[in-house]
Structure formats: structure tokens, C-alpha cells
Amino acid sequence: MSTYTTDKASPFTRAVKLWQKALTTLAIQVLLEAPFDPIRRQMNSVLLTIDLTKAVADEAIERKDCVVVSYHPIIFRDLKSLTLADSQQQSLLRLALEGISVYSPHTAVDAAPGGLGDWLADIVTGTLSEPEPETKTAEPEKEVPEAKSEEPSKDDKRQRPGRMALQRTYSKPTYPSHHPSIENLKQTELAPSTADHTRSVIHSITHVEGFESAGMGRIVKFSNPQPLTHLIERIARGVGNPKGFPVAIPQNRQVEDIQISSVGICAGSGHSVLKDVEADLLFTGELSHHDALKATEKGQCVVTLFHSNTERGFLSSVLKGKLTEILQKEWKTVREVVEREREEDGILTPEWEDAVKDEDVLVEVSERDRDPFGIVILQSSQQVGKPLS
């Protein structure tokens, strides 16, 4: 009778462990290493996500993925217990039960050359088809004077006057189009990293041999100043055409008149990386009210997209392709190693042998992952009733 040990993860998980050496030598966290269960063997597949939510855990279980690579680590602090009472711990326990492991490459992907910081820099320095669209801000709506009401009758005066009501219709929460890919960029005619510029790292990581250009954040300096309206359009197209996003400018300036010579870039929450950066534009996921106010008082502009909207498009645009290519090579190596181990000690069970024979490798991006925040758009506004007299 064949047996298996619960002290080993699936063979394919060994290949996923090795991918960091090909992508970056910076640490990739193993958050959950699930034991291999041949009875419910998962596919040789990886699900990429920014956040490991209940919805994403459900998706991984339904798809029978072997590994979830979650850009944000679901475990931020030391755990004293794992219980079903905590929603995040519940997701980890459910994934472990299904034999699905969880990895997080957060800092490694942020800092690596060709990683998330460079992807955002590629968008900012991309160009649209000539001539670039003349993006404009809308004129403020003119106030419509209220219609004068007729003189109320004596009976009307005795009654409590009705309060004016507004019938306002908003859209459902909207989100950037799901995980924009290189194909999407081509469709939007954004050619990444084509505007003449130089770029550098804000906070270098110097202790990693072979990755001297690694570090957190990027500074882009254009050879020729770029209209802020063009950069807004490039950013919108590059991250999936959101219906709107916050832009902060000095109070004495107009968006159409601003020229940008330098951009400080940081994915996610950017204050710690961008706080001392002297750039015309700060481009990040989120910045606090006071930090944005301080920047505009100094004459800087700020573009934020909500935290994870600066990160999600990277999964399809860059990471999916890189990880697929790496895993195809690493899985072949792992299969050869396991086969040698079998020949040496002869303990490879039929279940393991079946898993090792599977040559397929699949990397997909979650369809349920999204930023917690969406944007509701005012569709119409109609006054109903009479003003208070």
C-alpha cells in the first residue's frame, strides 16, 4: 500500500521556491507551506494576486491551484494562534486544508530592477500616438438660478413648508479595468518608456551582489518638460483607465499650464519613500492629507490612484510572463532531481510519481482581486420640491 508523508509540500512547490533566484536574490516570504495530499492533488498552477482575500482564497480553491503568490503578505505580525475567528487566518487555514501554499514577494518585486517601480516609470515615460491627446479639465458647471416660487396662499402659510430634496443618481463603484496587460497597453496606444529621460533609484539596496540597481522608488527626469495633462493621460491608460483619481496641484496653478520635468514614483503608500524627494510630480498609490498639502505648498503636484491600483497591473504586464518562463525551467529541473532521488533511495510513491510526470505549468492572475475602494460617479442631479420659504 502506497503512503505519503505530511512533512513535504507538493513537488511543484519546490519549483516555485526556486523562482526568486532567477528573478531577484531579495527575499521572498513563504507565508504558508501546505503539506502535499495526493488524494486531492492540485494543478501545477500559480494564482497571482495583490491581496489574499476570502474571494481570492475561494478562487484558488475552485481552480485547484497549487500556490497563491500574494504581493501583499497576509501575515504582517507574529501570530500567537491560528483560529477561524479571524477572517485572514481563516483563509490561510482553508488553503492549508486544500494543500495550497502561499508566498509573498512584496519588497523583492518593489525593489528589483525591472520590477514594480520600473513598470510605473515605464508608464510615466510612455508616449501616446502623435500628437498626444490634448487632455483638458472641464469648466466648472454654472449655477442655475432657482425659479421664483409663486406667492403661497394663506393655507400654504399655515402648513410647515416642504424641504427641497435632491434626486441624485450615482453609478455603482467602478474600478480600473481588470489587470491591464501589455496587450491592453498596445490597444491604448501607450508605448512604454519612449519619452527621452533618465531614471534613478530613490533608496538603494546595496547589500545584494549583482543587483546594484535595486532599490525602493524611482526618480524620472525628462530631457524636455512634459505637460501634466499628458502624464495624467499616460497614467490613466497604463493602469486600466479608471473613471477618476485624485490629483493635487498648488492652489495658484491650473492643470493645463503645468509642465513636469521630474517625477518621484513609489507604488502603494509612498510617504516614507517620497518625503524628501524634490520632484515636480509625486506619483504613488496613496498619500495622507497633510503630506499632500505639504507637497502642494512646496509647489509640487501629486497623483494618487488608491494603494493597490499602482500595483495590480504589474501582475499581468510583467510578473505573469516572467514567472511562467522561470517556472517552466525550474519545474523541469525539479522533476529531474526528484527522479534522481527516486533512483537513489527508491521511496517515490505512485502518488509522487504521478505528480512529477505532469509537465504542465500555468500562471494566472486573479479575477477577483481588487482594491477595496471604487469610485462612484454622479450620473444626474434633479431638484424636487419647493425651497423653504
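- Judged by distance alone, with hydrogens and angles left aside, the side-chain atoms of S262 form a donor-acceptor pair with the main-chain N or O of D280 at under 3.5 Å.
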Pair F306-I375, side chain to side chain contact (heavy atoms under 4.5 Å, CB included): steps then yes or no:
CA-CA 10 Å; F306 296 130; I375 296 178; 3.8 Å; yes
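- Within the 4.5 Å cutoff, no side-chain heavy atoms of N44 are placed close to those of C66.
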If you apply the rule side chain to side chain contact (heavy atoms under 4.5 Å, CB included), what do you find for C266 with M216, and how did you get there?
CA-CA 7 Å; C266 179; M216 304 301 292; 5.9 Å; no
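- Salt bridge annotation for R237-E233: present, with a cationic side-chain nitrogen under 4.0 angstrom from a carboxylate oxygen.
- Using a cutoff of 4.0 Å between basic side-chain nitrogens and carboxylate oxygens, D291 and K275 are not scored as salt-bridged.
- In this structure a side-chain-to-backbone donor-acceptor pair under 3.5 Å is present from E59 to E367.
- Side-chain N or O atoms of T310 include none that pairs as donor or acceptor with a backbone N or O of T284 at under 3.5 Å.
- With D358 contributing its side chain and D360 its backbone, the two residues share a donor-acceptor pair below 3.5 Å.
- Remark: side-chain polar atoms of Q42 are not paired, donor with acceptor, to backbone N or O of V67 under 3.5 angstrom.
- The shortest side-chain heavy-atom distance between D65 and V46 does not fall under the 4.5 Å cut-off.
- Of the possible polar contacts, none joining the S70 side chain to the P73 backbone as a donor-acceptor pair under 3.5 Å is found.
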